Amino acid sequence: MKLKYMIICIAAICCQFTASAKDDAEEYHIKAVLFNGDSIEGYIRNDLKTGLKNMFSKYGSIHQYINVGKEPKGGETKRYSASEIKEYRFVETTEGYPEGFTVVSENINTPGLFKPHNSTRGFASELYRGENGSILKWNVWESTGGRDSRNRLVPAIGVKFKGAKAAYFFMINGRMSFALLLNYLKKQSPELRKIIDEYYNKSKDRKAHTQELKDNPSTILLLYDDFVRTHGPLNDTEAEETPLMTEEDTDSGESAETGE
C-alpha cells in the first residue's frame, strides 16, 4: 500500500513538473528576499529533484525548497531552502492581492508522537501580516478514518504570534482545532491561553466568535494585540530570529537542471 501511494505521489510531482511549461510564465514570476539581506528575482521552475526533496523532507506536506531560474524557460536554475529565503512575492497581482501574493519562511508546528511541539521551517502562504503576528496557510496530512482509511493533504490555517516558537494551526480543512495552540500556551502564557479558550470555547457567544474567525482568520490577532498592550509579546526562548543553515541546506546552492 505504501509503495502504491509513493508511486501516485511521484506521478503527481511529474505531472506538476511537465505541466508548468503550458502555464502562463508570469504566474511563476517572483521577487525574493534572502535572510542574508540579498534580493533575487526570477521564475519558480518545477523540477523533479526539488519535488522529491520536498516530498521526502522531514515533513513532506510543507514545502522546504523552491527552484528558481532567471528566465521562465531554459538556462540554469538554483535551488533555495526555507533556511535561505526569508520570503518571496509573486509579481503578478490579483484582485485579492494587489501587491502580489506573499509566501514566507517560518517555523511551523509539526507535531509528532509524544512531541506535540516539534516544528519545521518551511514555506507558508501569508494571508495577513500584523504588528504582532501573522496568519499563515499550509498543508497537513489528515486521515480519512474508517476501515479503508487514507491520508490526504488538506489546508491548515494558523497563527504565528510575535515571540512564539512557531506557527500553530487553529483550523484544519474548515474545522476549528485549538488543542495544540492552547497546549503550547499552557506553559508559555497561561493568561493568553485563558483569553483564547474563554473567547472561542467557553463564552456564551463562542459560536459567533468561531464563525467570525472562519470568515476572517486575522481576528484572532485582535485578541493578541489587546494582550500585548498590557503583558507584552510572548518571549519563547526557542524562537529564532534568523535560521541557521543545516548540512542538508548546503545542497540547495547548487544549480538544478530543469526538465523542459
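Everything numeric in this text was worked out from a predicted model, so none of it was measured.
- Ring geometry for Phe90 against Tyr88 counts as perpendicular: the plane angle is over 60°, on a 0 to 90° scale with 30° as the lower cut.
- Residues Tyr65 and Tyr80 keep their aromatic ring centres 6.0 Å or farther apart.
- Of the N and O atoms on the side chains of Asn139 and His63, not one donor lies less than 3.5 Å from an acceptor on the other residue.
- Shown here is Glu131, whose CD atom has no more than 12 heavy atoms of other residues, nucleotides or ligands within 6.0 Å.
- Considering every non-hydrogen atom in both Ser125 and Phe101, the closest pair reads CB-CZ, 3.2 Å.
- Asn216 and Ser218 are linked by a side-chain donor-acceptor pair at a separation below 3.5 angstrom, with hydrogens and angles left out of the test.
- The closest side-chain donor-acceptor pair between Tyr184 and Asp236 falls under 3.5 angstrom.
- Taking the six-membered ring for Trp and thresholds of 30 and 60 degrees, Trp138 and Phe169 have ring planes inclined between 30 and 60 degrees apart.
- Between Glu41 and His29, the side chains place a donor N or O and an acceptor N or O closer than 3.5 Å (distance only, hydrogens not considered).
- No donor-acceptor contact under 3.5 angstrom links the side chains of Ser119 and Asn109, judged on distance only.
- Using modelled atom types, one finds a donor on one side chain and an acceptor on the other under 3.5 Å when comparing Gln211 with Asp215.
- Lys165 contributes a side-chain N or O that, together with a main-chain N or O of His117, makes up a donor-acceptor pair within less than 3.5 Å.
- In this structure, a donor-acceptor pair under 3.5 Å is absent between the side chains of Tyr28 and Glu92.
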